[in-house]
Amino acid sequence: MNKKDESFFELVYQVVKLIPEGRITTYGTIAKYLGMARSARMVGWAMNNSHKLQTRIPAHRVVNRNGVLTGKFHFDSLLSMQELLEKEGIKIENDKILNFNNYFWDPFKELKIE
DNA sequence: TGGGTGACCATAG
DNA sequence: ACTATGGCCACCC
């Protein structure tokens, strides 16, 4: 791993790490924030890779634009994505986040103003 | 070198 | 409202 890896994987991780507890955001939002609106898939890819990093990435706080936990099968069966979220006070039903808009974290709004 | 594959999204029918 | 499809681009055979 060289410093070339500051590319976009690192950027994705940077953003994901900024998501506060009890909040969630989407792959597409992150992609857009990084200027790759059409490459939301790459954000998912970054998450897939994130499990092997030593740095802990709160990947459970990233869901798809419908608020569905599409990545839950990539988590430990013991500590499921859903459990992690519920532990942070987020209600989930049928793999879908309830009151999605209440918990949605928008990097544009939250990070823009400084 | 090239083709298949995604933890996605927007659009069209 | 739901399904199908194309685009996207890094990564892995």
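Chain identifiers are assigned alphabetically (A, B, ...) following the order of the sequence lines, protein sequences preceding nucleic acid strands; residue numbering begins at 1 within each chain. In what follows, every heavy atom counts, from backbone to side chain, and hydrogens, waters and symmetry copies are set aside.
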Whole Å only: how far is the [atom1] atom of [X] from the [atom2] atom of [N]?
{"X": "A:Ile24", "N": "B:dC8", "atom1": "CD1", "atom2": "C1'", "result": "15 Å"}
{"X": "A:His74", "N": "B:dT5", "atom1": "NE2", "atom2": "C1'", "result": "12 Å"}
{"X": "A:Met47", "N": "B:dT5", "atom1": "CE", "atom2": "C1'", "result": "18 Å"}
{"X": "A:Trp45", "N": "C:dC9", "atom1": "CH2", "atom2": "P", "result": "15 Å"}
{"X": "A:Lys52", "N": "C:dA10", "atom1": "NZ", "atom2": "P", "result": "16 Å"}
{"X": "A:Met42", "N": "C:dC12", "atom1": "CE", "atom2": "P", "result": "12 Å"}
{"X": "A:Asp76", "N": "B:dA7", "atom1": "CG", "atom2": "P", "result": "17 Å"}
{"X": "A:Lys32", "N": "B:dC8", "atom1": "NZ", "atom2": "C1'", "result": "13 Å"}

On a heavy-atom basis, which atom in [X] and which in [Y] lie closest, and how many Å separate them?
{"X": "A:Leu79", "Y": "A:Lys87", "result": "CD1-NZ, 3.8 Å"}
{"X": "A:Met81", "Y": "A:Val63", "result": "CE-CG1, 4.1 Å"}
{"X": "A:Ala31", "Y": "A:Ala40", "result": "CB-CA, 3.8 Å"}
{"X": "A:Arg23", "Y": "A:Trp105", "result": "NH2-CA, 3.7 Å"}

Name the nucleic acid region contacted by [X], choosing base, sugar-phosphate or nothing; use a 4.0 angstrom heavy-atom cut-off, strictly under.
{"X": "A:Asn48", "result": "base"}
{"X": "A:Phe73", "result": "nothing"}
{"X": "A:Ala46", "result": "nothing"}

Inset, instruction - Please state whether the phosphate of C:dC11, meaning OP1 or OP2, lies under 4.0 angstrom from any side-chain nitrogen or oxygen of A:Arg41. - result: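 So the side-chain polar atoms of A:Arg41 never come under 4.0 Å of the phosphate oxygens OP1 or OP2 of C:dC11.
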Legend entry - B:dC8 OP1/OP2 closer than 4.0 Å to side-chain N/O of A:Thr70: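 Yes, A:Thr70 has a side-chain N/O under 4.0 Å of OP1/OP2 on B:dC8.
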Inset, instruction - Please tell me if the side chains of A:Asn94 and A:Val68 come closer than 4.5 Å, counting only heavy atoms from C-beta onward. - result: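 No, side chains not in contact.
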Legend entry - Proximity to the side chain of A:Phe9 - top-ranked nucleotide from C:dC9, B:dA10, C:dA10: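 Of the options given, the side chain of A:Phe9 lies nearest C:dA10.
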